[in-house]
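For reference, the structure is listed below as structure tokens.
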Amino acid sequence: MPLIRPAAPVTLDAVELRVLHMPLVSPFTTSFGTETVREVIIVTAETPDGRGWGEVVTQSEPSYSSEYTQGAWDVLTRFLAPALLARRTVAPEEVAGALHHVVGHRMAKAGLELAVIDAALRAEGRSFAAYLGAEKDRVPSGVSVGIQSDPQALVTAVGGYLDDGYVRIKIKIKPGRDIDDTAAVRAAFGGIPLQVDANSAYTLADADTLAELDRFDLLLIEQPLQEDDLVDHATLAKRLSTPVCLDESIVSDKAAADALALGSAAIINIKAGRVGGYLEAVAIHDRALAAGVPVWCGGMLETGIGRAANAALAALPGFTLPGDISASARFYTRDIVTEPAVIDDGHVRVPTGAGLGVEIDEAALEAFTVRRERITR
């Protein structure tokens, strides 16, 4: 099992935060709403040796998660960044412990931790992929397809992504937009690798409807019930032949351990932001690998910063299912890195340069910035 070789501590001079508004190439609709502009916080860790970059994957409203942009901004500026700056010198592996006194706010913590990791690894000339223990130089790319106006529109959208080379399709579902949509895609494209994502839109009372999905030979059904329903997910899993995958329920390594013990999940979607950072994500990966449970890397419409980090994470050996690491062009006409992720033969390359292995497009960063603050000691 891969082991992280710790990075040298960095001296933090300042932390800069930016809110970006990045227009999406098309609206992205899930069971909890529609996004047309991705609002995201970019974190910069400033050290004597240079800068490190991180991304806070909150959204503008607390719909997918209780975390949201303004809340993350507040906790970062008032508590998290000052706590790290007060230490002055910190190793990446010490960040989580240094922030432990703040309850929750995992996405905010993850973005700050990633910036510190990136700064430390750039100073060492070591790649993030090597740091995590990645074993692959490219990872299979799946795509997440939002709810469309009707099943035929969904078929058209899926057909376009298959033409682009994506090796796995995930469609969003919600009550009333589940069976017919899935049937339409399966009928149009035969035995393609297909999964559905409910984003907690159902309850156990919907078990009969969810059981109808069994006939479509899906890879998995993702997060059908509420995020705190581990017991109900275990009950539902016994009713379905389709493997149940947990997403929102897995907020930590402890939550993953509980889900596995209860039989709530046959598969786990790991999102580093949701669990508090990439080091916690690796811990969950290691636990699942030891238990023989497949994992895959979920996406949060990341910029090129988070997308590069996700590619490195997905190159660990336990990630045996294609993740939501799509090309940047799937969501953005312009990214904030100079070499955005692209699809090549159904795969995305794992960056090998120092740190995250991407360089920032400063002009694009400035163009999308709507708010900024630099925090010092």
Side-chain angles (χ1 to χ4, degrees), residues 1-15 43-57 75-76 79-135 250-257 270-290 295 297 305-306 308-319 351 353-357:
M1 188 175 294
L3 294 175
I4 289 174
R5 181 163 59 87
V10 297
T11 299
L12 276 181
D13 293 330
V15 171
V43 183
T44 309
E46 299 181 13
T47 77
D49 295 316
R51 297 181 296 177
W53 300 88
E55 178 169 346
V56 178
V57 295
V75 77
L76 280 162
F79 302 105
L80 300 180
L84 282 193
L85 289 165
R87 291 176 66 105
R88 185 170 175 80
T89 300
V90 61
E93 301 78 28
E94 297 170 341
V95 172
L99 304 179
H100 185 69
H101 65 286
V102 175
V103 177
H105 297 282
R106 292 180 174 89
M107 293 180 182
K109 292 176 179 178
L112 188 54
E113 180 190 78
L114 182 59
V116 172
I117 294 174
D118 187 39
L121 294 176
R122 285 178 189 266
E124 291 184 15
R126 184 160 42 130
S127 74
F128 187 58
Y131 172 72
L132 294 184
E135 296 186 354
I250 307 300
V251 296
S252 65
D253 182 37
K254 175 62 166 62
I270 300 180
K271 290 178 180 171
R274 191 193 63 233
V275 305
Y278 285 85
L279 299 185
E280 186 78 359
V282 170
I284 295 170
H285 160 272
D286 292 350
R287 178 180 298 279
L289 184 61
V295 300
C297 184
I305 294 171
N310 285 349
L313 179 67
L316 292 174
F319 286 84
L356 293 174

Of the non-hydrogen atoms in [X] and [Y], which two are nearest, and what is the gap between them?
{"X": "Ala312", "Y": "Leu132", "result": "C-CD1, 4.1 Å"}
{"X": "Glu55", "Y": "Ile305", "result": "OE1-CB, 3.8 Å"}
{"X": "Leu121", "Y": "Phe128", "result": "CD1-CA, 3.7 Å"}
{"X": "Leu356", "Y": "Pro351", "result": "O-CB, 3.3 Å"}
{"X": "Ala134", "Y": "Ala315", "result": "CB-CB, 3.5 Å"}
{"X": "Pro82", "Y": "Leu76", "result": "CD-O, 3.4 Å"}

For the atom pair CG (Leu316) and CD1 (Ile270), what is the distance rounded to the nearest 0.5 Å?
8.5 Å

d(Ile4 CD1, Leu279 CG) to nearest 0.5 Å is 4.5 Å

May I ask you to test the [X]-[Y] pair for a side-chain heavy-atom distance under 4.5 Å?
{"X": "Thr11", "Y": "Thr47", "answer": "no"}
{"X": "Val102", "Y": "Leu80", "answer": "yes"}
{"X": "Thr44", "Y": "Trp53", "answer": "yes"}
{"X": "Asp253", "Y": "Val275", "answer": "no"}
{"X": "Leu313", "Y": "Val282", "answer": "yes"}
{"X": "Val15", "Y": "Leu84", "answer": "no"}
{"X": "Val43", "Y": "Leu114", "answer": "no"}

Please list all pairs passing the side chain to side chain donor-acceptor pair (under 3.5 Å) test where one or both residues lie in residues 110-129, with sequence neighbours left out.
Asp118-Arg122, Arg122-Glu359, Glu124-Arg126

Quick one: does any side-chain atom of Glu280 pair with a main-chain N or O of Ala272 as donor and acceptor, under 3.5 Å?
no

Output, in order, the C-alpha distance, side-chain angles, deciding distance and verdict of side-chain contact (heavy atoms from CB on, under 4.5 Å) for Asn310 and Tyr278.
CA-CA 9 Å; Asn310 285 349; Tyr278 285 85; 2.7 Å; yes

For Glu94, is there an ion pair with Arg87 - N to carboxylate O distance below 4.0 angstrom?
yes

With under 30° as parallel and over 60° as perpendicular, where do the rings of His285 and Phe319 fit, or are they tilted in between?
parallel

